[in-house]
Each structure stands twice: as structure tokens, then as C-alpha cells.
Amino acid sequence: MENLKNKICLVTGASSGIGKGIAEIMAKAGAQVIMVSRNKSRGRENFREIKNYATNNVEWIPTELCSIESINELALEFKSKFSKLDILFNCAGDKIMKKYYTVDGFDGLFFSNYLGHFLLTNLLFEPLKNAENSKVITISGRAHKSSLTKGKFKSAIDFTDLQGNSHFSYAKYAKQATLAKIIFAYELSRRWGKYNIASTTLCPGLCRTNQGEYFPWLLKVLLPLIYMLKDPQTPKEGAMHLINLSLKHNSEINGKYFEGDKKGLFEVKSSDESYDVSTGKKLWEESKKLITQRYNLNLIN
Ligand SMILES: NC(=O)c1ccc[n+]([C@@H]2O[C@H](COP(=O)([O-])OP(=O)(O)OC[C@H]3O[C@@H](n4cnc5c(N)ncnc54)[C@H](OP(=O)(O)O)[C@@H]3O)[C@@H](O)[C@H]2O)c1
């Protein structure tokens with residue numbers, strides 16, 4: 001943990017669950033922590049709490065990760081204060097199980113889980129490049145390859161209806177968002193590896209967090225039952241998997257996928273589709289197009 005001292009890290013989803021666990025552990029280890037979450041009272045409360053543990057600078061930048069403008073403001077504010085970024089933890093993501101649109105007219109599930117982090121990472125290219133052996137660690141999930149993804153719900157990127165605007169199904173698009181994060185992490189590793197920026201992704205395993213906050217009532221009732229049967233990790237145990245990745249050498253993690261549980265964190269294979277280089281390239285280009293069509297932003301290669 002000594003290696004984390006004075007590292008600058010930005011954590012999305014830092015007001016709750018795994019992201020909050022990361023912010024707390026990093027703050028205690030003496031890193032400079034920039035917490036990112038929406039402008040909610042719990043964001044402020046958690047910021048105050050984590051500041052108390054800190055031996056170094058902790059900041060909270062309230063950000064709506066479903067808004068291009070808000071993400072751009074976050075990147076500008078970060079760059080006005082810091083010239084480098086050692087570790088970007090892409091942790092935020094909601095689980096609202098119905099179709100909704102962001103202020104810019106994107107599908108909310110797609111944007112909050114995937115496209116917002118694609119944009120944020122891009123806008124932080126310079127500070128990531130300025131740090132020595134920087135890392136982008138993106139939470140994804142095992143669910144992208146579960147048996148439920150066969151047949152109709154096969155896990156794949158549907159370029160004909162990327163955001164489920166013609167026909168939305170949560171089962172299909174939640175898996176697509178998770179797969180998109182893995183494909184993005186791999187594509188990033190191919191594009192930015194040459195700048196000594198490592199990109200990796202992981203499923204932390206089941207953790208007892210606030211992930212059921214927006215579930216429909218029946219699932220809310222079932223979740224404690226699932227927890228009883230599955231013996232989940234604490235948010236901090238989940239967070240430790242990401243911290244452990246941040247402690248590794250870039251060459252050990254770049255372009256790799258890991259899965260964690262109570263026994264530890266292991267490098268494993270993600271689904272076959274996730275390794276398809278042409279899909280990675282296409283998703284990157286489509287994502288860039290979607291954002292620049294709405295907003296005049298200078299995104300990296
Ligand atoms: N828990 C698990 O078992 C598990 C397993 C595998 C993968 N994951 C993944 O791990 C990640 C973290 O999940 P968690 O379980 O820690 O969930 P959580 O406790 O519900 O935390 C979610 C975090 O994301 C933030 N967030 C959501 N939408 C946002 C938006 N539009 N703008 C800004 N911030 C936003 C929330 O901030 P606010 O306070 O502002 O709402 C909160 O800090 C998710 O991507 C999840 O899919 C979780």
C-alpha cells in the first residue's frame with residue numbers, strides 16, 4: 001500500500017458501494033482522491049466521512065455521468081487542478097430497469113454504464129499520459145457471459161440498435177453495456193498502451209452494496225434472499241480487487257480481464273465476442289461519433 005502514497009486517483013461512483021470502498025482505502029493509504037458522484041446528500045456525507053480518514057488531499061466533484069456537459073466540466077476542473085492522473089477507477093453505473101433518456105437524448109443505461117466512461121476517459125487522456133505507468137480500471141461483470149446471454153439474449157453489441165431505441169429489453173441491454181465496457185477496456189489497451197497507460201477490466205464478484213436502489217419492488221424483496229444464499233463480499237472486499245490491480249505492473253494487467261470473489265482475484269477469459277478487434281474498433285468509432293454529433297469535443301484518436 002506504500003506505493004499508493006501521493007498517487008492521484010479519480011473514482012467514479014465514489015458515494016456508494018465499491019467506489020466508496022476504493023475512495024476510503026486510497027485516502028487511508030495517502031493517495032490524493034477525487035471522488036465523483038451526483039450532487040446528492042450522500043455524496044457530500046461520504047466525502048466528509050472519507051476526508052476524515054485522509055492523510056492527503058481528498059476532493060469531491062459532483063458530476064452527472066449521464067450528461068456530456070457535466071462530464072466535460074469534471075474533466076476541465078480536474079485538469080485545472082492536477083497535471084497528471086495516476087489511476088482512473090471507472091466504477092459508477094446504475095441499474096434502472098426501464099428505458100430512460102439522458103439530458104442529451106441517449107439511452108440512460110448505455111450512457112451511465114458505458115458511454116459516459118468512454119467520454120470521461122477520453123477527456124482525461126493528457127493527465128493520464130503525463131503520469132508514469134498510469135492505469136484505467138473499469139468495472140464490468142461476469143454477467144456478460146452467463147448462460148442467460150444465449151439465444152435471444154446472446155451477449156453481443158447490436159450495432160443496428162445500439163441504444164435499444166427501437167426495441168428495449170433490460171436483459172439484453174444490461175448485458176450489452178457490460179460487454180461494451182470490456183470491449184472498450186481492450187480497445188483502450190490497444191490504443192493507449194504505447195503511452196504507458198494500462199487499461200484493464202474486472203468483475204469484482206457479488207458485493208452487498210446499494211445496487212438494488214432502483215430495482216422494482218419484487219427484486220428489492222428478493223435481493224436480501226440472494227445475499228443470504230450467496231454470501232456476498234463487503235463493498236470494501238470488492239474494492240480491494242481494484243486496489244490490487246492498481247498495485248500491479250502495467251504489463252501484468254493491460255488488456256486483461258479479471259474476476260474476483262472471497263478467495264481473491266484471478267485473470268480469466270472474457271467472452272469470445274469481447275476479443276473481436278474489429279468490434280472494438282467499430283464500437284470506439286461509433287461512440288466517438290455519437291458524442292461529437294451532439295457536442296463539439298475534441299476526442300482522442
Ligand atoms: N455490487 C455487485 O455485486 C456488483 C457486481 C459486479 C459488478 N458491479 C458493478 O460495480 C459498479 C458499482 O456498483 P455498486 O454495487 O458499488 O453500486 P452502488 O452501491 O449502487 O453505487 C453506484 C454508484 O454509481 C454512482 N452513479 C450511478 N449513476 C450515476 C450517474 N448518472 N452519475 C454519477 N454517478 C452515478 C452512484 O452515485 P450517486 O450516489 O450519485 O447515485 C453510486 O456512487 C457498477 O457498475 C456495478 O454494475 C457490482
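All values derive from a computational prediction rather than experimental measurement. Read the numbers this way: they start at 1 and go in the same order the structure lists the ligands and their atoms. The residues of the chain are indexed from 1 along the displayed sequence.
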- Query: Under the ring-ring contact (aromatic ring centres under 6.0 Å, His included) rule, what pairs show up with a residue in residues 204-247, not counting sequence neighbours?
  - Reply: none
- In terms of the angle between their ring planes, are Tyr257 and His144 parallel, tilted or perpendicular, with boundaries placed at 30° and 60°? perpendicular
- Task: Treating Ile, Leu, Val, Met, Phe, Trp and Tyr as nodes and any side-chain heavy-atom pair under 4.5 angstrom as an edge, say whether Phe159 and Phe118 lie in one connected cluster.
- Result: yes
- Name the residues in contact with ligand 1, where contact means a heavy atom under 4.0 Å away: which are they? Gly13, Ala14, Ser15, Ser16, Gly17, Ile18, Ser37, Arg38, Lys40, Arg42, Thr63, Glu64, Leu65, Cys66, Cys91, Ala92, Gly93, Asp94, Lys95, Ile139, Ser140, Lys181, Pro204, Gly205, Leu206, Cys207, Thr209, Asn210, Gln211
- Message: Taking the six-membered ring for Trp, are Tyr173 and Phe110 closer than 6.0 Å centroid to centroid?
- Response: no
- Between Ser140 and the options Asn90, Thr201, Asn113, Thr178, the side-chain hydrogen bond (donor to acceptor under 3.5 Å, both in side chains) test singles out Thr201
- Here the gap from Leu247 atom CG to Lys135 atom NZ, rounded to the nearest 0.5 Å, amounts to 8.0 Å
